[in-house]
Amino acid sequence: MPELPEVEAAAQRLREAVLGQTIASVTVTHPALRRALPAAGQRALLGARLTRIDRRAKIQLLHLSDGAVLEVHFRMTGDWDIGVANDPAPAHERARIVTETGIRVSFTDSRALGIIRRHAPGTFTEPDVGPEPLTDAFTVEGFLATLARRSAPIKPVLLDQHVVAGVGNIYASEALWEARIHPATPARQLSKARVTRLRDAIRHVLSNAPAARYYGATPTASDDHTTDAETMWQVYDREGAPCTRCGRAIVRSVQAARSTYHCPRCQRA
DNA sequence: TGTGCCCTGGTA
DNA sequence: TACCAGGGCACA
């Protein structure tokens, strides 16, 4: 499940593969994706050069030489599969971009919830999301002020991308466990000390995510970070398993239609 | 502020 | 065979 570290790693792989190259062909095979990127939008990409690849929250932004911007969101299961032009289609390929040098970038997405959208030159505006958690923009003061305006439970508030950019369901549960905060605590009831702990925990879990080790590096085909992820989670998907801190069984609950995991002893209501 | 929907592979 | 997973959006 790609969250911020995984998306940054994917963007980095993309930069290394195709930055500066020109798009020679675009194929979109899934109907849902064709709705987001129709034939006219696909044709408009041809001949454009990839001048910059940014990431904001979980969104990848591919800037093109004609001023257009290609916005890519992996949602649940999206990923890049990079190879050469005449490779057979990888599993769950939904779209394929081939550059003039013959590099193939396939957008794979088993659940087909991901989105690729083209913004015509001059029409792109920055995503309306909160501060990047791993930058200095994510301050205790700002976080505290935002949470003070929210009466909802802290867990779903953390998933709101306006509050802090790029935190998803897994790392929200993990950060709350690390900060010893019950997921149902109303956001505005959190003291400055607890907000500070939570901010530090968010930064800690994101920067220690398995994909974070790929920042600035290229993963190889033999790397299997899924296995690492499953063994490193403290609460996520561990219902009934002992808390690694106190031994009490981890509890699963549902908030805002999302699974939440917490330790009933370490994270008191 | 909460709920349902989009999607489909994996699991019970 | 039915149900569950969930990010982000539309809607009530």
Side-chain angles (χ1 to χ4, degrees), chain A residues 1-11 28-38 55-61 70-81 89-95 106-117 119 124-130 132-133 146-176 183-190 202 205-206 209 211 224 226-227 229-230 233 235-241 250-262:
Chain A
M1 273 155 244
E3 294 199 25
L4 188 147
E6 291 82 6
V7 175
E8 176 57 37
V28 178
T29 47
H30 195 282
L33 204 49
R34 271 201 294 269
R35 284 196 290 274
L37 185 65
R55 179 198 55 76
R56 184 75 172 96
K58 291 175 236 178
I59 303 163
Q60 294 174 77
L61 299 168
L70 207 54
E71 173 190 350
V72 180
H73 200 303
F74 281 169
R75 296 280 178 93
M76 282 285 291
T77 53
D79 200 2
W80 298 124
D81 183 293
H92 313 299
E93 180 185 69
R94 307 303 188 199
S106 295
F107 177 69
T108 61
D109 187 11
S110 64
R111 290 184 191 171
L113 289 170
I115 285 293
I116 300 180
R117 196 176 282 127
H119 298 266
F124 175 72
T125 51
E126 285 293 319
D128 179 23
V129 293
E132 286 289 327
T146 302
L147 297 185
R149 292 191 292 269
R150 305 291 294 264
S151 56
I154 182 63
K155 163 68 176 5
V157 167
L158 284 180
L159 299 183
D160 183 343
Q161 299 296 294
H162 298 96
V163 173
V164 52
V167 174
N169 200 44
I170 296 172
Y171 295 128
S173 282
E174 293 294 305
L176 286 168
T185 312
R188 66 179 174 201
Q189 282 183 17
L190 293 172
I202 290 169
V205 298
L206 289 176
D224 182 356
T226 305
T227 304
E230 283 162 1
W233 289 328
V235 287
Y236 180 77
D237 204 22
R238 294 191 66 236
E239 182 181 19
I250 299 300
V251 170
R252 175 182 177 272
S253 57
V254 174
Q255 291 178 292
R258 298 283 179 269
S259 294
T260 294
Y261 299 86
H262 78 281

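Convention: sequence-line order gives letters A, B, ...; per-chain numbering from 1.
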Original post:
Starting at CD1 of A:I170 and ending at P of C:dA5, how long is that distance when rounded to a whole Å?
Top reply: 13 Å
Original post:
Mind checking whether A:I202 and A:L158 have side chains closer than 4.5 Å, heavy atoms only?
Top reply: yes
Original post:
Is the count of non-hydrogen atoms from other residues, nucleotides or ligands lying under 6.0 Å from A:R56 atom CZ greater than 12?
Top reply: yes
**OP:** Take the protein atom CG of A:D160 and the nucleotide atom P of B:dG2, then report the distance between them rounded to whole Å.
**Re:** 12 Å
**OP:** Can you figure out which of B:dG2, B:dT1, B:dT8 approaches the side chain of A:H30 most closely?
**Re:** B:dT8
Subject >> Length of the CD-C1' vector between A:E239 and C:dA5, whole Å >> reply: 14 Å
Original post:
Which nucleotide, B:dT8, C:dA5, B:dT3, lies nearest any side-chain atom of A:A256?
Top reply: B:dT3
Original post:
Would you say a side-chain N or O of A:H73 is under 4.0 Å from OP1 or OP2 of C:dG8?
Top reply: yes
**OP:** Indicate whether any N or O donor in one side chain lies under 3.5 Å from an N or O acceptor in the other, for A:T77 and A:R111.
**Re:** no
Original post:
For A:H92 and B:dT8, is the shortest distance between a side-chain N/O and OP1 or OP2 below 4.0 Å?
Top reply: no
Original post:
Between B:dT8 and A:T77, is there an OP1 or OP2 to side-chain N/O distance shorter than 4.0 Å?
Top reply: no
Subject >> Minimum heavy-atom distance between A:Y171 and A:P5, given as atom pair plus value >> reply: CE1-CD, 4.1 Å
Original post:
Would you say a side-chain N or O of A:Q161 is under 4.0 Å from OP1 or OP2 of C:dG8?
Top reply: yes
**OP:** Would you please name every residue forming a side-chain hydrogen bond (donor to acceptor under 3.5 Å, both in side chains) with A:H119, sequence neighbours left out?
**Re:** A:E71
Subject >> Touch class at under 4.0 angstrom, heavy-atom based, for A:R252 against every strand present >> reply: sugar-phosphate
Original post:
Rounded to whole angstroms, how far apart are CG on A:N169 and P on C:dA5?
Top reply: 10 Å
**OP:** Would you indicate which nucleotide in B:dT8, B:dT1, C:dG7 comes nearest to any side-chain atom of A:S151?
**Re:** B:dT1
Original post:
Taking atom types as they are modelled, is there a donor-acceptor pair under 3.5 Å from the base of C:dG7 to the side chain of A:R111?
Top reply: no
Subject >> Rounded distance (Å) that lies between atom P of C:dG7 and atom CG of A:L113 >> reply: 10 Å
**OP:** Specify the separation, in whole Å, of atom CG of A:L158 and atom P of C:dG6.
**Re:** 15 Å
Subject >> Residue A:A112, side-chain heavy atoms: nucleotide from C:dG7, B:dT8, B:dT1 that is nearest >> reply: B:dT8
Subject >> Nearest-Å distance for atom pair CZ/P, residues A:F74 and C:dA5 >> reply: 24 Å
Original post:
Base, sugar-phosphate, or nothing: which does A:A152 touch, judged by heavy atoms less than 4.0 Å apart?
Top reply: sugar-phosphate
Original post:
To the side chain of A:S259, which of C:dG8, B:dG9, C:dG6 is closest?
Top reply: C:dG6
Original post:
Can you name the nearest heavy-atom pair linking A:G166 to A:Q161, along with the distance?
Top reply: N-OE1, 2.7 Å
Subject >> Length of the CZ-C1' vector between A:R188 and B:dT1, whole Å >> reply: 12 Å
Original post:
If only side-chain N and O atoms of A:R150 are considered, is one of them under 4.0 Å from the OP1 or OP2 phosphate oxygen of B:dT1?
Top reply: yes
Original post:
Taking only side-chain nitrogens and oxygens of A:Y236, does any of them come within less than 4.0 Å of OP1 or OP2 of C:dG6?
Top reply: yes
